[in-house]
Protein chains: 2
Amino acid sequence: MAISRKEEFPDNDLKLADWCKALSHPARIAILRTLADRGECICGDLVLDLPLAQSTVSQHLKALKEAKLIKGEIDGPRSKYCIDKKNFEKFLKSVGDFGIKTSNKIKEQDC
Amino acid sequence: MAISRKEEFPDNDLKLADWCKALSHPARIAILRTLADRGECICGDLVLDLPLAQSTVSQHLKALKEAKLIKGEIDGPRSKYCIDKKNFEKFLKSVGDFGIKTSNKIKEQDC
DNA sequence: CTTGCTTATCGTATTATTACGATATACGAT
DNA sequence: ATCGTATATCGTAATAATACGATAAGCAAG
């Protein structure tokens, strides 16, 4: 990718892009859905649900955690995950605001 | 990435992931913002706004077009782009529904 | 038809992502 | 302490994404 130019974009756009990147794989969408359904979940259960190896699931969980969309805590020998409600709602608001601005301006389709 | 397992996920999740992927780069977020502000835009103007080469901007436009978030039409020697309102709103609804389900289930933070 | 302008595509280099197996770590139970 | 279970991380391979310059293609004007 040669050299990244991402730093040259405004913080707003970087942040939204980053959240979207975290959701840019169906496994991570599925994980969030499952966490929403069950409230919380241990890693092993997610591995059973997904068509992926344990190490791969662990990687996806790490990506979601780094994007602050989920939180994890250690529960004995397991890892319990749940949605990071506060940040997840920030993401929803960010997309929502983006949508409102967009929809307001485009009443009729321009092209 | 070895072999992709994406086909093994439900259509819903694939679709949402695909839209999110289209928004996973700040340049593409910026392009959508600009299109929302101005209604429509020719490629050259977007190139002036972004810290990227013309060919790179063209690539990002192609990505957004393939995700059906924008539409393009030829206008003499230029290319005019605008948001594909119908599909963009499908995306917004998809994220919104996802959010509602999530927020409803998680009244109190579990972990 | 040639020139100049605009945009898309091609080729290519660099970097990031995705996936897995193997291994390391951490804990509970025996 | 040892064993079994659960999870994270490392190493690595394959693939995708990002960025640019160069080039091609399309149109308008002269």
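As the structure is a computational prediction, the values presented were derived from the model and not from experiment. Each chain gets a letter, A, B and so on, in the order its sequence line appears, and its residues count up from 1.
- The base of C/dA19 is paired with the side chain of A/Q59 by a donor and an acceptor separated by under 3.5 Å.
- Under a 3.5 Å cut-off, the side chain of B/S94 and the backbone N or O of B/K90 do not form any donor-acceptor pair.
- Note on B/S79: only backbone sugar-phosphate atoms sit closer than 4.0 angstrom, heavy atoms only; bases stay farther off.
- When side chains are defined from C-beta on, B/N12 does not count as touching A/I29, because their heavy atoms never get closer than 4.5 Å.
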Scan the side chains in residues 44-65 of chain A for donor-acceptor partners under 3.5 Å anywhere in the protein, sequence neighbours excluded, and list what turns up.
from: A/D49; atom 1: OD2; to: A/R38; atom 2: NH2; distance (Å): 2.7
from: A/H60; atom 1: ND1; to: A/R28; atom 2: NH1; distance (Å): 2.9

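- Put simply, CG on A/D75 is 18 Å from P on D/dT5, counting in whole angstrom units.
- Regarding A/I42, its CD1 atom lies at a distance of 14 Å from the C1' atom of C/dG28, rounded to whole Å.
- One can place NZ of A/K62 at 17 Å from P of C/dC20, the figure rounded to the nearest angstrom.
- For the pair B/Y81 and C/dT6, the criterion of a side-chain N or O lying under 4.0 Å from OP1 or OP2 is not met.
- Of all heavy-atom pairs spanning A/C41 and A/L35, the tightest one is CB-CD2, 3.3 Å.
- Considering only side-chain N and O atoms, B/S58 lies nowhere under 4.0 angstrom from the phosphate OP1 or OP2 of C/dT7.
- To the nearest angstrom, P of D/dA6 lies 10 Å from CG of A/D45.
- A heavy-atom distance below 4.5 Å is not found between the side chains of A/V95 and A/W19.
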Which letter, B, S or -, goes with each nucleotide of nucleotides 22-30 of chain D from 5' to 3', with contact meaning a protein heavy atom under 4.0 Å? B----SS--
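- For D/dA17, the OP1/OP2 oxygens have no side-chain nitrogen or oxygen of B/H60 closer than 4.0 Å.
- Residues A/K21 and A/P51 each lie close to DNA chain C; by heavy-atom proximity, the contact nearer the 5' end of the strand is made by A/K21.
- Pairing of C/dT17, defined by two Watson-Crick or G-U wobble distances under 3.5 Å, is identified with D/dA14.
- B/P26 approaches A/A17 most closely through the heavy-atom pair N-CB, 3.5 Å.
- Atom NZ of A/K6 and atom P of C/dT17 are 7 Å apart (whole Å).
- In this structure, B/I70 and B/F88 have side chains that are not in contact, with every pair of non-hydrogen atoms separated by 4.5 Å or more.
- In this structure, CD of A/E73 is placed 18 Å from P of D/dA6, rounded to the nearest angstrom.
- Atom NE2 in B/H25 sits about 12 Å away from atom P in D/dA17, given to the nearest Å.
- Nearer to the 5' terminus of DNA chain D, by closest-nucleotide assignment, is the contact made by A/K65 (compared with the other of A/K65 and B/S24).
- D/dT15 atom P lies 7 Å from atom CD1 of B/I3, rounded to whole Å.
- Comparing A/R5 and A/C43 by the nucleotide of DNA chain D whose heavy atom lies nearest to each, the residue mapping closer to the 5' end is A/C43.
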